[in-house]
Amino acid sequence: MEYNHRDIEKRWVEYWRTHRLYETKEDPSKPKYYVLDMFPYPSGAGLHVGHPLGYIASDIYARYKRHKGYNVLHPMGYDSFGLPAEQYAIQTGQHPAITTERNIQRYRQQLDQLGLSYDWSREVRTSDPAYYKWTQWIFLKFFDSWYNKDTDKAEHIQSLIAHFEKNGTHGLNAACTEPLEFSAQDWANFSEEKKQEILLNYRLAYRSESVVNWCPALGTVLANDEVKDGLSERGGHPVEQKKMMQWSLRISAYAQRLLNGLDTIDWSEALKESQRNWIGRSEGALIQFATDQGPNITVFTTRPDTLFGSTFLVLAPEHELVDAITTDAYRADVEAYRSYVKSRSERDRMADVKTVTGQFTGCYAIHPFTGEKLPVYIAEYVLAGYGTGAIMAVPAHDGRDHRFALKFQLPIRQVIEPGFDWDFSKEAYEEKVGTSVNSDFISGLQVPQAIQRMIEELVARGIGQRKVNFRLRDAVFGRQRYWGEPIPIYYKNGIPYPLPVDKLPLELPTIDKYLPTEEGEPPLARAQNWHYTDEDGNRWPLETTTMPGWAGSSWYYLRYMDPHNPNAPFSKEAELYWQNVDLYMGGSEHATGHLLYARFWHKFLYDLGYVSTEEPFQKLINQGMIQGMSAFVYRIKGEKRFVTYSKKDQFDTQALHVDVSLVENNTLNIDAFKQWRSEYADYEFITEDDGSYKVGREVEKMSKSKYNVINPDDIVEKYGADTLRVYEMFLGPIELSKPWNTDGITGVYNFLRKYWRLHFDPKGNFSVTDDEPTREELKILHKTIKKVTLDIENFSYNTCVSAFMICVNELSALKCNKMQILEPLAVLLAPFAPHVAEECYQKMRPGESVLLAPWPIWDEQILVENTFEYPVSFNGKTRFNLLLSKTLSPKEIEEAVLAEPKTAKYLDGKTPKKVIVVPGRIINIVV
RNA sequence: GCCCGGGUGGUGGAAUCGGUAGACACGCAGGACUUAAAAUCCUGUCCGCAGAAAUGUGGGUGCGGGUUCAAGUCCCGCCCCGGGUACCA
C-alpha cells in the first residue's frame, strides 16, 4: 500500500465535520484570535488557483494559533451582490439570486475540498435580506448623524437640531456640503421642507450632485472599467460625463482620523503609504482673486509663496463660475471645449499629460498684490473635485502649468532661486527648497518661511486664509443598478425621509427586466408598488438607486461575531469578546477601496458606541496574485493557416488565445484544438522542423476570457488537497505575484509520500517504534521546530516547506521511525497538510485529533554548536573555509587564520593591511 | 501621468541584522533496479576559460554610478514588468 490521498482526505474531512472541530464559541477562559479572509465575489467561473493562496495562508495561521492555545474565529462568507450577476441577468433574464446561489454552491464545494478550517456555521452573504437588513440599518444611522468637528466625532442629528434651535449656525463647527449661515430665529421660521434640506447639508448620508459616466444609448451609468476609450465596452456607444443627484457618505469628515489611525495598525508601510496618498492631506491657502467680469475666483494652493510667479488662472471646465466669467466673444469656444471635456473620463484627463488642452474665457483676474491682469483659462488638467476646482498657475514652479504656458505662450516668471543653474524656459523647478525672489515682501525668505509670511499677509488683507485640504472625496453611495441593497429612503414632496426601522429589511422587488426604464430611471423604478405607505395610509415613492458593492463588505467582519442575531447587527457581548480582526488576509487591489471604507464605517460605529475599538483590522497581509500563463496561436491574416511560434515573424499574423489545457510543454495538441474550435478544423498548420506546433506564452491576469484559468479541482483530484496546499505555499512568499505553473508539484507530492513512508513499511504496515531517539535525530527535530515556528510567525511559509523537506530527507536517510520524533513532527506539519498529518498522528495516538495537540517547543540546548566553519576571504573574495571553536576570541581567531598554511598562499608574500573578524560569521583579510 | 510593489541559474525561489550568492524544489544529463516502462534510489547541474580528474581561475543578483574591509541587501540616476487610480469586487 502506498500514500493514498483520496482515502486519507475523505476520511478526515468527515471526521472533523462530525466532531465539529472547526466551530467556535465565545470562551472567556482562552485568549481570542480572529483570522479573516477577504470574502470572495462568487463569480460564474468558479474558484481558480489564485483564490486559495490567501485562504491557505490564513488557514495555516489559524491552525497554528489553535495549537498555541488560542480561541480562533475563522469564518467565511460571500460578497454576493455585484455587477457580473446583473450582467448575466440582463442577458438571460435569469434572476441574479438564482445564479448567485448556484455560484455559491460551487464555491463552497471547491472550498471544502481544500481542507480549510472555516466555521461554516457563521457564514454570511451580503445579498441575504437577513444580512442586508443591518447594512440598511447602518445606512440609516449615517443618515441620522452629523459630524461635530469640536467633539471630533459623529453625533445624532438631534443634537444638531438642538443647536440650530438655540443658536442657528452660530458657533457650529460641522462637516457639511456648503457652509450655511442663519439664526435661531431663521430656523424657527423655516418650513419643514427647508429644514430637511438644511439637515441634508450636514447628514453623513446625504444627496449631492456628482459626476458619472453616462451612456445615453444604454440609458445607464457605467463603471470606469466598463468604458474603453470613451466608448461603452458593451456595444461601443459613446459615453459622456454627466452630473447626477446621488447619495454620498461623508467620509471626508473622517479624513484626519483615517490618517492618524494608520500609525496604530500593523500593515505594510507600502499599504499605509497608499492610504496616506489616497487621503492626500495637504496644507496650503485659499486665495481670492477679483476679476474684470464681476465674480471673485477662489483658488487653493499649497504654494502661496509663489503667488508673485502666477501668470494666469485655470478653472476646471465644470467650475460653477465658468458661465458667469466667460465673455460673449469666447462663449462659443468655451462651450465647444466643455463638450470635448465631457467626452473625457477623469482618468484620461489625469493620465494624458502630453496633450495639453485648454480654452481662454476672455476674463482677466486681478493679481491681489501687483494689480496685474491675469488671463483666466479653463483646462481639463484642473479637476472640479479637488481643492476649489480653480488654481493660480505658476509655470516656473509647476510642471503642468509650465507645459500649459508653453502651449499657450504665457509668461514664465521665476520666483524661487534654487541656488544652482536652472533653465526655466525648459522645465519647471518644483522643489520646495530655495529662496524667494521677485516677490516683494517675501523676497529673500526660504520657502517654508515665505509660505507662512504670505498666508499671514493674505489673512491680514482679508483675501485669503490657511487651509488644510484633503484629496479624499466623499464616497458616492448610489448605483443605478438592480443587484444591490435597496436604500431605505422614501420621498415626501421630493425630500428624503428614512424608512422606519421596523420596516427593514427593505427587500429587493421583483421586476420584469434588469434594465433601466425607457426614461433612464434605474431598474428598481420598474417595480410595481415601489412605495412606502405611512401610518396615515399615504403612499410615498421609494428610492430607486441601490447601494454600491462595498456597502456590504464594509462591516461583514462584525457580523461574523454574531451572525444569526435577529435583533441587532451583533451583540455587545460578542463584540466585546472578539473586538476586531487580528489577522486580515487579502489582495493588494483593495488597498484604497474596501480597506478605507471599512475603516471609515468602523470609526463611525465606534463614535456611536457600537464597537469598542477604533480600527477594524490590526494586522493585514496582502497575498500576491497568481497570474495565468496564456497561450497563443498565430493565424496568418487573411489565410486559413496557423504558424508556429518561432516562424511567426515571417508572416503578418494575429495572435489568438488558446485554451491552456490543450497545451503541454508549449506544444499544441492540434487535434484537440480543432475539436475545441470547429471553425479551424480545415486550417493548415505550419510547424517547427520537428513537426510540432509551438504556442507563444504571456503572463496575464487569470481570466475566463483569456482561456488561462487553472482550476484547483483537477489538482486536488490528482494529487490531493494537502499537496495543493503545500505546493501553493512552496511557490514563493505569499505577498509576491507570480504566474501559475504546476511544473514543481511532483516535488511536493513526493515529499508528502516520503513523509508518509516514515510511518509505514513498504507493505503499508504502520511501523513507528517507541525507541529512544539519537542526539542526531533530536537535533533534526528541534532545528525544524525552531525554523518552522519562527517562519510561521513571519508568514514565511515557503521556507517552512523547505525546512520540512530537509527534515524528512534527513530522517529518511537515518531511517528514523521513532514516535518521539514523528509525533511532534506531525503537529508541525498539521497546519500545512492537515489530512496526512492527522492520518499519521492518529496512528500514533488513536482517537486524539492532531488539531487539538499543543504546539511543540524547541530546546535550544540541543541546537548549540561549539564550532563554526569560518569562510575566509581576501579582499572580499572567499577562498577557503576554516573550522574553529566558537569560544575563541577575535584575537585568537586572527592568530589561527594567519597561522593557517593556505593563508600564506593567498597573501602571496604581502602583509595583510587589516584582518576583520566577525565572530560566528566571517573572516576578511585586506591585502 | 500619479501612487504602490517587483526584477537573483533553464524554471519557482533561498540568503530573517551589510558578512560564504544560488538553500529547497522543478527541469535536464548520467547511472542503479527492470525483459521494458512507470515508480524509486544514487551522482552531477550559475556561466566562461584551463584540466582526464582533483582542482585552479575569471565573471555574475535588470542597467549605469557611489558608499564600505565587505553590497542581492544601503544611496543616486535609468530601464522593464505587475497592481491601483474613486461605479469591477
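The basis for the numbers below is simple: all heavy atoms, side chains too, and nothing from hydrogens, waters or symmetry mates. Letters go in sequence order (proteins before strands), and every chain restarts at 1.
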Classify A:His594 by what it touches in the nucleic acid, base, sugar-phosphate, or nothing, heavy-atom distance under 4.0 Å. nothing

May I ask you to say what A:Arg753 touches in the nucleic acid, namely base, sugar-phosphate or nothing, with a heavy-atom cut-off under 4.0 Å? sugar-phosphate

Could you check whether A:Glu728 gets within reach of a base, just the sugar-phosphate, or nothing at all, counting any heavy atom under 4.0 Å? nothing

If you check the A:Val476 side chain, which of B:G5, B:C87, B:C3 turns out closest? B:C87

Indicate whether any N or O donor in one side chain lies under 3.5 Å from an N or O acceptor in the other, for A:Trp483 and A:Thr546. no

Counting N and O atoms only, with roles assigned by atom type, does the side chain of A:Arg725 sit under 3.5 Å from a partner on the main chain of A:Pro52, one being a donor and the other an acceptor? no

Could you work out the separation of B:A89 and B:U16 based on their P atoms and round it to a whole Å? 41 Å

Please determine if a side-chain N or O atom of A:Asn750 lies less than 4.0 Å away from the OP1 or OP2 oxygen of B:U40. yes

If we call it a pair only when both distances are under 3.5 Å in a Watson-Crick or G-U wobble match, what pairs with B:G48? B:U57

Checking B:A86, B:C24, B:A89 against the side chain of A:Tyr41 (C-beta onward), the nearest is B:A89

Pick base, sugar-phosphate or nothing for A:Asn277, based on heavy-atom distances below 4.0 Å to the nucleic acid. sugar-phosphate

Quote, to the nearest angstrom, the P distance that separates B:U57 from B:C3. 49 Å

Could you tell me if A:Thr545 and A:Glu543 have a donor-acceptor pair between their side chains, going purely by distance under 3.5 Å? yes

Specify the residue among A:Val926 and A:Leu790 whose closest nucleotide of RNA chain B lies further upstream toward the 5′ end. A:Leu790

Would you call the rings of A:Phe874 and A:Phe880 parallel, tilted or perpendicular, taking 30° and 60° as the class edges? tilted

Given the C1' atoms of B:U8 and B:A23, what is the spacing between them in whole Å? 13 Å

Using ring centroids (six-membered ring only for Trp), state whether A:Trp550 and A:Phe477 fall under 6.0 Å. yes

With a 4.0 Å cut-off on heavy atoms, is A:Trp278 in touch with a base, just the backbone sugar-phosphate, or nothing at all? base

Spacing of the P atoms in B:C47 and B:U61 (rounded, Å): 16 Å

So if I take every side-chain heavy atom of A:Asn809 and compare against B:G84, B:A25, B:U40, which nucleotide ends up nearest? B:A25

When we call it a touch if two heavy atoms are under 4.0 Å apart, what does A:Gly587 touch: a base, just sugar-phosphate, or nothing? nothing

Gap in Å between the two C1' atoms, one belonging to B:A15 and one to B:C46, rounded: 15 Å

Applying a 4.0 Å non-hydrogen cut-off, can you work out what A:Arg400 is touching in the nucleic acid: base, sugar-phosphate, or nothing? nothing

Regarding A:Asn622, tell me which of base, sugar-phosphate or nothing describes its non-hydrogen contacts under 4.0 Å with the strands shown. nothing

With heavy atoms under 4.0 Å as the rule, sort A:Pro40 into base, sugar-phosphate or nothing. nothing

Between B:C87, B:C69, B:C3, spot the one nearest the side chain of A:Val221, thanks. B:C87

For the pair made of CE in A:Met805 and C1' in B:G12, what is the distance, rounded to whole Å? 11 Å

Could you tell me how far B:A21 sits from B:A71 if I compare only their P atoms? Round to whole Å. 10 Å

For nucleotides B:C41 and B:A25, find the distance between their P atoms and express it as a whole number of Å. 11 Å

Go through the N and O atoms of the side chain of A:Lys787 and the base of B:U16, and report whether any donor-acceptor pair is under 3.5 Å. yes

Confirm from the modelled atom types if A:Asp743 and B:C26 form a donor-acceptor pair under 3.5 Å, side chain to base only. no

Go through B:G12, B:A14, B:G6 for me and flag the one nearest to the A:Lys738 side chain. B:G12

From B:G19, B:A14, B:G12, pick the nucleotide closest to the side chain of A:Asn798? B:A14

